[in-house]
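Just so it is clear, the model here is predicted, and its values are computed rather than measured.
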Amino acid sequence: DCTEIFIKTPKDPNLKNSTWSNYKHHNTANFIIAVAPNSAIIFVSPVYGGRASDKAITLDSGFLDMCEPCDMIQADKDFNIQEECAVRSIWLHVPPGLRGEVQMTSAAIEKTKKVANLQILVEQVIRRLKSFRILSCQLPITLVPSLDKIISVCAALTNFQYKKINACISKTNLFNPVMILSYISCSVFLIQHTLWCILLTQCVICISYVVLYSSITY
């Protein structure tokens with residue numbers, strides 16, 4: 001699904017125009033998020049301006065290129081990517097809708113219920129992701145260049161703090177490739193940012209020692 005983060009109104013007219021969302025009537029930064037059946041976040045795209053469509057973000061982010069043939073994707077009806085999925089041999093499930101008919105068939109109603117249940121799961125994951133204070137309010141323009149990293153860290157923390165993901169681990173799905181990849185991706189995000197913090201701390205300590213030694217020497 002595609003979601004958005006509210007940002008403060010930019011002063012640059014071009015940036016203000018590219019981030020304006022007619023749907024939200026606000027300046028936003030949009031990105032798509034992919035969720036596994038066990039509620040684990042397995043993909044987060046880079047952020048795009050609020051004017052970008054769901055289809056444009058999906059194609060430009062390279063999400064479909066990461067999928068393998070015969071993979072199954074469930075998406076909202078706004079994602080008009082049937083042709084792109086067919087070329088890659090990817091199964092795409094979207095709500096059927098009426099399509100000019102007066103009433104939906106029983107099979108279409110049953111399919112709509114299944115898709116709606118999965119859509120609720122995705123919305124719950126997005127709600128947990130936005131529970132972080134930095135993503136729940138209007139983001140300052142100064143933090144927009146770092147928004148990709150901020151969302152990645154919040155997504156990794158969301159996977160780790162969700163109790164039901166740990167409850168899903170059992171003897172039957174312990175070696176599920178999707179779960180293994182999701183936890184590996186989360187670990188990589190956390191380790192990468194932890195190493196940067198450690199490196200920055202070491203640099204500060206070294207500089208402090210140099211300054212202290214220089215002051216004692218002279």
Verify side chain to side chain contact (heavy atoms under 4.5 Å, CB included) between V35 and I42, making sure each step is shown before the conclusion. CA-CA 6 Å; V35 180; I42 58 176; over 6 Å; no
Take T28 and T19, measure what side chain to side chain contact (heavy atoms under 4.5 Å, CB included) needs, and give me the verdict at the end. CA-CA 5 Å; T28 62; T19 57; over 6 Å; no
Checking side chain to side chain contact (heavy atoms under 4.5 Å, CB included) for the pair N30/T3: CA distance, chi angles, key distance, verdict? CA-CA 6 Å; N30 296 2; T3 187; over 6 Å; no
Residue pair F43, I32: steps toward the side chain to side chain contact (heavy atoms under 4.5 Å, CB included) verdict: CA-CA 8 Å; F43 178 81; I32 62 170; 3.9 Å; yes
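Legend: residues meeting side chain to side chain contact (heavy atoms under 4.5 Å, CB included) with P140, ordered by chain and number and at least two apart, are T142, L143. Residues satisfying the side chain to side chain contact (heavy atoms under 4.5 Å, CB included) criterion with T9, sequence neighbours excluded, are K16, N27. Not counting sequence neighbours, D12 has no partner by the side chain to side chain donor-acceptor pair (under 3.5 Å) test. By the side chain to side chain donor-acceptor pair (under 3.5 Å) test, S21 pairs with no residue at all, sequence neighbours left out. Remark: F6 pairs with H26 by the ring-ring contact (aromatic ring centres under 6.0 Å, His included) rule, at least two apart or across chains.
With contacts defined as side-chain heavy-atom distances shorter than 4.5 Å, the pair L147/L135 qualifies.
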Using atom types as modelled, flag every donor-acceptor pair under 3.5 Å from a side chain in residues 62-72 to any protein atom, sequence neighbours excluded.
unit_1: D65; atom_1: OD1; unit_2: R88; atom_2: NE; d: 3.2
unit_1: D65; atom_1: OD1; unit_2: R88; atom_2: NH2; d: 3.1
unit_1: D71; atom_1: OD2; unit_2: E68; atom_2: N; d: 2.8

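For P37 against L121, the heavy-atom pair with the smallest separation is O-CD1, 3.9 Å. When all heavy atoms of V125 and S39 are compared, the closest pair comes out as CG2-O, 3.7 Å. Pairing each heavy atom of V44 with each of A155, the nearest pair is CG2-CB, 4.0 Å. Here the shortest heavy-atom pairing between I57 and C2 reads CD1-SG, 4.1 Å.
Screening residues 30-44 for salt bridge (charged side-chain N to carboxylate O under 4.0 Å, His left out) gives no qualifying pairs among residues at least two apart or on separate chains. Annotation: salt bridge (charged side-chain N to carboxylate O under 4.0 Å, His left out) contacts involving residues 36-46, sequence neighbours excluded, are absent. Judged as a salt bridge (charged side-chain N to carboxylate O under 4.0 Å, His left out), not a single pair has a partner in residues 27-46 (not counting sequence neighbours). Screening residues 23-46 for salt bridge (charged side-chain N to carboxylate O under 4.0 Å, His left out) gives E4-K24 as the qualifying pairs, with residues at least two apart or on separate chains. Each side-chain hydrogen bond (donor to acceptor under 3.5 Å, both in side chains) pair with one or both residues in residues 51-63, not counting sequence neighbours, appears once here: N17-R51, Y48-D60.
When the side chains of ILVMFWY residues are joined at heavy-atom separations under 4.5 Å, either directly or via intervening members, I73 and W91 end up in two distinct hydrophobic clusters. No continuous path of hydrophobic side-chain contacts links F31 to W20 [ILVMFWY only; heavy atoms under 4.5 Å].
For the atom pair CD of Q74 and CZ of F79, the computed distance is 10.0 Å after rounding to the nearest 0.5 Å. Atom CD1 in I33 sits 8.5 Å away from atom CG in D1 (nearest 0.5 Å). Atom OG1 of residue T158 and atom CD1 of residue I151 lie 11.0 Å apart, to the nearest 0.5 angstrom. The CG atom of L157 sits 11.0 Å away from the OG atom of S152 when rounded to the nearest 0.5 Å. Taking SG of C137 as the reference point, atom CD1 of I7 lies at 12.5 Å (rounded to 0.5 Å).
The hydrophobic cluster containing L15, built from Ile/Leu/Val/Met/Phe/Trp/Tyr side-chain heavy atoms closer than 4.5 Å, comprises no other residue.
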